[in-house]
Amino acid sequence: MIKITVKQKEEKNHYIKVEGHAGYAEEGYDIVCASVSCICITTINALISIDEECVVYSEDDGFLELGIMKHDRIIDILIDNMLSLLTGLANDYPEYIKILR
């Protein structure tokens, strides 16, 4: 199961951790894991293209940790969009993704 932890500070998202593997299918064919990875990495790349200092992150196999260091309208929209997409996946695949807030 993929567990996504979201922490807020002053009503803004400031920390997101994604850990684990979905286990939906064997490695290389797991559309749930691939979707989560794609959503997260695409969002991080967009954020970095806007402002290299707005996030800090580390990633490893089955692990992503994201700290949001700056907030503005666009950064917050991108983070909210990422969480909305992940929530949609969690609703569609509740046995494979859990979001903890």
Side-chain angles (χ1 to χ4, degrees):
M1 174 175 275
I2 296 173
K3 292 182 183 171
I4 301 168
T5 303
V6 181
K7 294 188 180 178
Q8 291 188 331
K9 187 177 192 179
E10 297 173 9
E11 298 184 21
K12 299 221 183 240
N13 297 307
H14 80 98
Y15 175 82
I16 300 166
K17 180 170 63 172
V18 180
E19 55 189 335
H21 292 282
Y24 178 80
E26 65 182 80
E27 187 176 337
Y29 297 93
D30 193 325
I31 61 169
V32 177
C33 265
S35 297
V36 170
S37 295
C38 183
I39 290 167
C40 292
I41 296 304
T42 300
T43 301
I44 290 170
N45 287 340
L47 289 164
I48 290 171
S49 73
I50 293 168
D51 182 345
E52 290 181 8
E53 297 176 355
C54 73
V55 294
V56 292
Y57 73 98
S58 62
E59 63 178 312
D60 202 353
D61 183 40
F63 179 82
L64 173 71
E65 194 169 40
L66 175 65
I68 298 101
M69 309 307 288
K70 295 181 181 179
H71 293 277
D72 69 19
R73 183 176 172 275
I74 301 298
I75 291 167
D76 291 339
I77 286 171
L78 287 170
I79 294 294
D80 290 344
N81 182 67
M82 179 180 86
L83 292 173
S84 176
L85 292 168
L86 292 171
T87 299
L89 271 177
N91 290 337
D92 290 343
Y93 299 94
E95 314 89 59
Y96 303 100
I97 303 174
K98 183 173 190 141
I99 299 179
L100 310 167
R101 295 181 186 257

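As the structure is a prediction and not an experimental result, all values here were calculated from the model.
Counting heavy atoms from C-beta on, the side chains of Lys7 and Thr5 come closer than 4.5 Å. You'll find the side chain of Val6 reaches within 4.5 Å of the side chain of Asn13, heavy atoms only. Using a 4.5 Å cut-off on side-chain heavy atoms (C-beta onward), Lys12 and Asp76 make contact. Residues His71 and Ile68 are in side-chain contact: their nearest non-hydrogen atoms beyond the backbone lie under 4.5 Å apart.
Residue Ile79 holds its CD1 atom at 7.5 Å from SG of Cys54, rounded to the nearest 0.5 Å. Annotation: the span from Glu95 atom CD to Asp92 atom CG amounts to 10.5 Å, rounded to 0.5 Å.
A distance-only check finds no donor-acceptor pair linking the side chain of Ser84 to the backbone of Asp80 [under 3.5 Å].
Hydrophobic clustering, with ILVMFWY side chains joined whenever heavy atoms are under 4.5 angstrom apart, groups Ile48 together with Val18. Linking Ile, Leu, Val, Met, Phe, Trp and Tyr whenever their side-chain heavy atoms come within less than 4.5 Å leaves Ile44 and Met69 in two separate clusters. Put simply, Ile16 and Met1 are part of two different groups of oily side chains (I, L, V, M, F, W, Y) that touch within less than 4.5 Å, one to the next.
Results of the side-chain contact (heavy atoms from CB on, under 4.5 Å) test with Tyr93 over Ile2, Val36, Ile31 single out Ile31 as the only residue that passes. Of the options Leu78, Leu66, Ile75, a side-chain contact (heavy atoms from CB on, under 4.5 Å) to Val55 is made by Leu66 and by none of the others.
Closest heavy-atom contact between Cys33 and Ala22: SG-N, 3.2 Å. Nearest heavy atom pair, residue Ser35 against residue Leu89, reads CB-CD1, 3.5 Å.
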**Request:** Apply side chain to side chain contact (heavy atoms under 4.5 Å, CB included) to Glu65 and Asp60, showing your working.
**Result:** CA-CA 9 Å; Glu65 194 169 40; Asp60 202 353; over 6 Å; no
**Request:** Determine, step by step, whether Glu19 and Phe63 satisfy the side chain to side chain contact (heavy atoms under 4.5 Å, CB included) criterion, reporting the C-alpha distance in whole Å, the side-chain angles of both residues, the deciding distance to 0.1 Å, and the verdict.
**Result:** CA-CA 4 Å; Glu19 55 189 335; Phe63 179 82; 4.2 Å; yes
**Item:** Step-by-step side chain to side chain donor-acceptor pair (under 3.5 Å) determination, Gln8 to Tyr15
**Value:** CA-CA 7 Å; Gln8 291 188 331; Tyr15 175 82; over 6 Å; no
